[in-house]
Amino acid sequence: IINPGGGGYSDINNGVTTINVDVNATSGNHGNMANAVTAAIKAKFGVNDPTEIADHWLYCLPSGVTTSIAYAYTNHWMSVYSNE
């Protein structure tokens with residue numbers, strides 16, 4: 001069972017929040033964008049690591065930033081998806 005995370009944070013609604021970063025949405029820039037999203041999560045919520053808020057994070061990046069539909073790492077808290 002997966003329950004929406006982020007309880008106690010007003011900017012997280014049903015496990016969803018929006019993070020805006022100032023990184024060019026160009027092909028192949030998914031690593032820089034994902035790193036910027038992680039940094040923005042830490043700053044926005046005042047945590048050292050996103051897993052202090054939720055066990056798993058799904059990043060939905062703008063279309064065309066990554067050439068794949070999605071990617072993730074084994075036993076990692078982050079997975080990345082293209083577009084919606």
Side-chain angles (χ1 to χ4, degrees):
I1 297 175
I2 296 178
N3 296 312
Y9 293 92
S10 62
D11 287 347
I12 299 177
N13 187 6
N14 290 323
V16 176
T17 191
T18 298
I19 301 292
N20 295 304
V21 295
D22 189 21
V23 176
N24 289 331
T26 56
S27 181
N29 205 16
H30 57 90
N32 290 336
M33 186 168 284
N35 289 338
V37 170
T38 300
I41 290 168
K42 291 176 184 180
K44 181 175 184 174
F45 296 106
V47 296
N48 293 318
D49 192 281
T51 58
E52 293 176 39
I53 301 168
D55 293 332
H56 304 284
W57 285 81
L58 288 67
Y59 292 6
C60 296
L61 303 184
S63 181
V65 173
T66 180
T67 56
S68 62
I69 296 171
Y71 66 90
Y73 303 100
T74 304
N75 296 322
H76 198 270
W77 54 267
M78 179 184 69
S79 54
V80 179
Y81 300 84
S82 179
N83 210 358
E84 300 173 5

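Heavy atoms only: backbone and side chains are in, while hydrogens, waters and symmetry mates are out.
- Between the side chains of N29 and N32, at least one donor N or O sits under 3.5 Å from an acceptor N or O.
- Residue pairs meeting the side-chain hydrogen bond (donor to acceptor under 3.5 Å, both in side chains) criterion with at least one member in residues 65-79, sequence neighbours excluded: H30-Y71, T66-S68, S79-Y81.
- Residues P62 and M33 are in side-chain contact: their nearest non-hydrogen atoms beyond the backbone lie under 4.5 Å apart.
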Return a table of donor-acceptor pairs under 3.5 angstrom between the side chains of residues 37-45 and protein atoms on other chains or two or more places apart.
| residue | atom | partner | partner atom | Å |
| --- | --- | --- | --- | --- |
| T38 | OG1 | A34 | O | 3.1 |
| T38 | OG1 | Y59 | OH | 2.7 |
| K44 | NZ | T17 | OG1 | 3.4 |
| K44 | NZ | T18 | O | 3.0 |

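- Cluster membership check: V21 shares its hydrophobic cluster with V47, using side-chain heavy-atom separations under 4.5 Å among Ile, Leu, Val, Met, Phe, Trp and Tyr.
- For T26, there are no side-chain hydrogen bond (donor to acceptor under 3.5 Å, both in side chains) partners two or more places apart in sequence or in a different chain.
- Here the shortest heavy-atom pairing between V23 and A36 reads CG2-CB, 3.5 Å.
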